[in-house]
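Beneath this line is the structure, given in structure tokens, with notes to follow.
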Amino acid sequence: MRKWRRGRRRIGGNALEIQRWVTDMTGIGKMEKTLNRIHPVSDPEATYFLQVSWEKDLGTGFGLLLSDCQYAWTGKVSETDISREAADIEMDREKYVDELRKALISAEESAGKYNFVISRDEQSKACHFSYERNLKDGSFRLGSLKLQEVPSPAEVLKELIGYCLDSLGKLQAKTEHLQRENERLFSSWSDVEKRLEKCVEAKEELEADLYSRFVLVLNEKKAKIRNLQKLLSEARESAVDAKCSRGSIATTQMVIKKESNYDASTDEESENPAGASLPSALERKDSSLLASPDLVDPAPRRKRRQRTTKPAGTGAKVAAYEAEQPAQEK
């Protein structure tokens with residue numbers, strides 16, 4: 001019984017020392033941590049658990065804790081080691097840190113893109129751990145380090161299980177919070193949907209009311225337009241009738257005026273031809289009498305005159321002259 005108690009105290013003391021050493025090496029409780037499952041290339045069926053811890057940024061250095069549930073190894077990569085590895089493979093440091101993040105932190109998401117090589121040294125009980133990037137024609141090593149064995153892997157497993165439980169608790173709390181938030185959003189969405197339905201109904205009622213009013217106003221406007229068009233057509237017709245009546249009156253007046261002028265001119269012509277032709281006929285007679293030495297028979301002369309063509313408008317004068325000439329001869 002005493003021996004068991006002494007062994008328990010010895011194991012407990014070693015556990016505290018191991019926990020303190022692991023905390024100093026990996027910064028457990030001080031840094032951000034992730035835990036992933038990996039399968040080494042040499043033994044794909046084997047499963048290892050890899051915990052990576054870092055402070056602020058992975059490029060400032062990180063700690064590794066590797067375990068197969070029987071043994072555990074731990075190690076640390078400094079910022080200088082990261083810069084040296086990036087220079088060795090001739091890669092930009094930021095890009096190299098990004099490759100480390102994908103290989104070590106997102107190992108399960110990047111499965112098939114990165115390989116892990118684990119080799120144990122039975123004499124020194126150390127473990128050589130390296131990580132590689134797969135290419136089409138091969139692979140190139142991103143980095144490697146020598147991990148030291150932890151004397152009591154049970155404490156490491158305890159830490160890993162505690163980390164898993166803490167992460168699970170955080171995830172459950174986050175899930176519950178998200179679920180409550182989802183319920184609140186769903187309730188708010190239901191309220192918003194009901195309000196939206198009411199708004200749609202009010203909008204439809206308002207549209208129907210506005211449409212009915214618009215129809216009334218439109219019909220009134222159409223009636224006014226028809227009345228105005230009717231008045232306009234009547235005004236145009238009256239204007240056309242007035243214009244036609246004025247034109248007909250003016251035409252009638254012009255015709256009457258022309259007829260009166262024509263009657264006056266015909267009256268003057270009917271009065272003037274006898275008096276105007278008489279002196280000319282007498283003058284011609286006197287001249288003919290003076291010119292001719294002897295009198296001749298007027299009958300042949302009248303016949304010759306009848307055969308000659310008379311100019312237009314002189315028929316009345318010639319007839320008067322011929323009527324006067326036999327009377328004088330008698």
Side-chain angles (χ1 to χ4, degrees), residues 17-43 46-69 71-121 123-135 138-153 155-157 159-160 162-164 167:
E17 292 177 359
I18 293 169
Q19 184 176 3
R20 189 179 303 109
W21 179 74
V22 171
T23 302
D24 293 336
M25 291 294 295
T26 62
I28 295 174
K30 299 179 182 179
M31 300 180 179
E32 297 182 11
K33 295 178 289 185
T34 59
L35 182 63
N36 295 307
R37 286 178 297 184
I38 61 174
H39 303 278
V41 177
S42 58
D43 188 7
T47 301
Y48 287 79
F49 295 93
L50 177 65
Q51 186 183 60
V52 183
S53 57
W54 69 95
E55 184 179 1
K56 294 182 181 179
D57 185 20
L58 195 66
T60 59
F62 56 92
L64 293 178
L65 180 62
L66 183 66
S67 175
D68 62 351
C69 297
Y71 301 93
W73 301 269
T74 184
K76 187 175 182 181
V77 179
S78 64
E79 185 175 1
T80 305
D81 296 334
I82 294 174
S83 300
R84 186 181 66 254
E85 292 287 348
D88 291 341
I89 62 176
E90 297 180 354
M91 182 182 292
D92 183 67
R93 191 178 189 279
E94 294 182 359
K95 188 175 180 180
Y96 177 74
V97 172
D98 186 62
E99 289 290 336
L100 290 179
R101 186 178 293 107
K102 293 178 181 179
L104 300 177
I105 297 176
S106 304
E108 294 184 0
E109 297 178 0
S110 304
K113 297 180 180 180
Y114 299 92
N115 294 331
F116 300 97
V117 179
I118 301 173
S119 61
R120 300 181 185 181
D121 188 354
Q123 295 181 355
S124 62
K125 297 183 180 181
C127 177
H128 295 277
F129 178 71
S130 61
Y131 31 93
E132 301 174 350
R133 176 73 162 87
N134 284 332
L135 298 175
S139 62
F140 68 93
R141 191 184 65 180
L142 291 173
S144 64
L145 72 158
K146 186 177 181 179
L147 302 178
Q148 299 295 328
E149 184 180 6
V150 178
S152 178
E155 295 296 330
V156 174
L157 293 177
E159 293 292 335
L160 295 178
Y163 169 77
C164 292
S167 299

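These numbers were taken from a predicted model, which means no experiment stands behind them.
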How far apart are the closest heavy atoms of S42 and I118, and which atoms are they? OG-O, 4.0 Å
Closer than 3.5 angstrom, by distance alone: can the side chain of N36 be matched with the main-chain N or O of L104 as a donor-acceptor pair? yes
Could you walk me through whether V117 and E132 pass side-chain contact (heavy atoms from CB on, under 4.5 Å), step by step? CA-CA 8 Å; V117 179; E132 301 174 350; 4.0 Å; yes
Atom OG1 in T74, atom CG in L64: separation rounded to 0.5 Å? 7.5 Å
Applying side-chain contact (heavy atoms from CB on, under 4.5 Å) to V77 and W54, what does each step give before you reach the verdict? CA-CA 10 Å; V77 179; W54 69 95; over 6 Å; no
Do S130 side-chain atoms and F116 backbone N/O form a donor-acceptor pair below 3.5 Å? no
When rounded to the nearest 0.5 Å, the distance separating OG of S78 from CZ of R84 is 7.0 Å
If the plane angle is over 60° it's perpendicular, under 30° parallel, otherwise tilted; pick one for Y48 and W73. tilted
Starting at CG of L35, measure out to CG of L50 and round the result to the nearest 0.5 Å. 8.0 Å
Donor-acceptor contact below 3.5 Å, side chain R93 vs main chain G59: yes
Could you pull out the closest heavy-atom pair between I82 and G61, with the gap in Å? CD1-N, 3.9 Å
Tightest non-hydrogen contact, residues S67 and L157, listed as OG-CD2, 3.6 Å
Can a donor-acceptor pair be found, under 3.5 Å and without considering hydrogens, that links the side chain of H128 to the backbone of K146? no
Given 3.5 Å as the limit, does a donor-acceptor pair link the side chain of T60 with the main chain of E55, or not? yes
Ion pair check, D98 and K95, cut-off under 4.0 Å: no
Taking everything shown except Y71 itself, do over 12 heavy atoms lie less than 6.0 Å from its OH? no
Atom pair CD (E85) and CE (M91), whose distance is rounded to the nearest 0.5 Å: 11.0 Å
Output the distance between atom CZ (F62) and atom CG (D81), rounded to the nearest 0.5 Å. 8.5 Å
Shortest non-hydrogen separation from Y114 to E99 and the atoms involved: OH-OE1, 2.7 Å
Decide side-chain contact (heavy atoms from CB on, under 4.5 Å) for R101 and D57; before the verdict, give the C-alpha distance in whole Å, the side-chain angles of both, and the deciding distance to 0.1 Å. CA-CA 10 Å; R101 186 178 293 107; D57 185 20; 3.4 Å; yes
Pair R120-D68, side-chain contact (heavy atoms from CB on, under 4.5 Å): steps then yes or no: CA-CA 12 Å; R120 300 181 185 181; D68 62 351; 2.4 Å; yes
Which atom of H39 lies closest to which atom of T47, heavy atoms considered: CE1-OG1, 3.3 Å
Output for pair (Q51 CD, T34 OG1), nearest 0.5 Å, gives 7.5 Å
The residue among L100, L58, L65 that forms side chain to side chain contact (heavy atoms under 4.5 Å, CB included) with V52 is L58
